[in-house]
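The figures that follow rest on heavy atoms only: side chains count, while hydrogens, waters and symmetry mates do not. Every value quoted in this text rests on a predicted model; they were computed, and no experiment measured them.
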Amino acid sequence: QVQCVESGGGLVQPGGSLRLSCATSGDSFTIWTMGWYRQTPGKQRELVASIKTGGSTTYADSVKGRFTISRDNAKNTVYLQMNSLKPEDTAVYYCNAKHPLFPSSTYWGQGTQVTISS
């Protein structure tokens, strides 16, 4: 059982930066694979970035070189640093926790709105 609470969303102009945070509580944070997903109306939720316990990361092709996912195990928090933001990045961003040995054990945050517009 993991609770995830996102924060840091907002309105940013194209080319700007934003950092999202996901604070977690519950089971030991360090064992969970953490991820950021995003979703817009009419589209399925897509993986943006993920990070494993050991620090290995994966990124969607659309955000490589612009976004960076990181985690602070001492604070039970995962971050998503977003740079060079584009209008296409506009979405609700969700924090996800997935158990590496039990993929059915998945928890989601409530989401935070990110809007990129001039």
Side-chain angles (χ1 to χ4, degrees):
Q1 182 179 345
V2 176
Q3 293 178 315
C4 307
V5 180
E6 304 96 332
S7 63
L11 176 63
V12 182
Q13 296 184 25
S17 298
L18 202 62
R19 188 173 81 154
L20 305 182
S21 298
C22 174
T24 70
S25 62
D27 291 349
S28 299
F29 174 76
T30 56
I31 69 173
W32 298 86
T33 295
M34 303 299 301
W36 286 98
Y37 292 71
R38 65 187 182 188
Q39 186 171 29
T40 56
K43 296 180 61 178
Q44 65 180 1
R45 193 170 299 182
E46 64 176 352
L47 174 68
V48 176
S50 67
I51 184 167
K52 297 181 179 179
T53 298
S56 298
T57 59
T58 57
Y59 296 92
D61 289 340
S62 60
V63 306
K64 287 182 179 178
R66 299 189 299 120
F67 291 10
T68 302
I69 188 171
S70 62
R71 65 193 297 164
D72 186 336
N73 291 336
K75 295 183 177 180
N76 294 345
T77 301
V78 63
Y79 305 93
L80 184 67
Q81 178 66 48
M82 304 183 292
N83 299 325
S84 301
L85 285 163
K86 306 175 181 179
E88 304 92 273
D89 295 319
T90 295
V92 176
Y93 284 71
Y94 296 90
C95 181
N96 171 266
K98 180 178 293 184
H99 199 290
L101 300 180
F102 304 96
S104 61
S105 296
T106 302
Y107 300 91
W108 296 92
Q110 82 287 353
T112 185
Q113 178 70 49
V114 172
T115 301
I116 313 303
S117 177
S118 59

- Heavy atoms, side chains only, cut-off 4.5 Å: are Q113 and L11 in contact? no

- Item | Validation row: S25, N76 side chains within 4.5 angstrom (heavy atoms) | no

- Note on the structure: Here the gap from T40 atom OG1 to D89 atom CG, rounded to the nearest 0.5 Å, amounts to 11.0 Å

- Task: Any chance you could pull the hydrophobic cluster mates of M34, using side-chain heavy atoms under 4.5 angstrom and chaining through other members?
- Result: V2, V12, L18, L20, F29, I31, W32, W36, V48, I51, Y59, V63, F67, I69, V78, L80, M82, L85, Y93, Y107, V114, I116

- Identify the two heavy atoms, one from G111 and one from V92, that lie closest to each other, and give their separation to 0.1 Å. CA-CG1, 3.9 Å

- Message: Is any side-chain heavy atom of S62 closer than 4.5 Å to one of R38?
- Response: yes

- Task: Without swapping roles, check the side chain of R71 against the backbone of K52 for a donor-acceptor pair under 3.5 Å.
- Result: yes

- Task: Could you tell me whether a side-chain N or O of Q81 sits under 3.5 Å from a main-chain N or O of T68, the two making a donor and an acceptor?
- Result: no

- Keeping the roles fixed (side chain from Q110, backbone from V5), state whether a donor-acceptor pair exists under 3.5 Å. no

- May I have the step-by-step check of side chain to side chain donor-acceptor pair (under 3.5 Å) for T58 and S50, ending in yes or no? CA-CA 5 Å; T58 57; S50 67; 2.4 Å; yes

- Query: Cys pair C4/C22: SG distance under 2.5 Å?
  - Reply: no

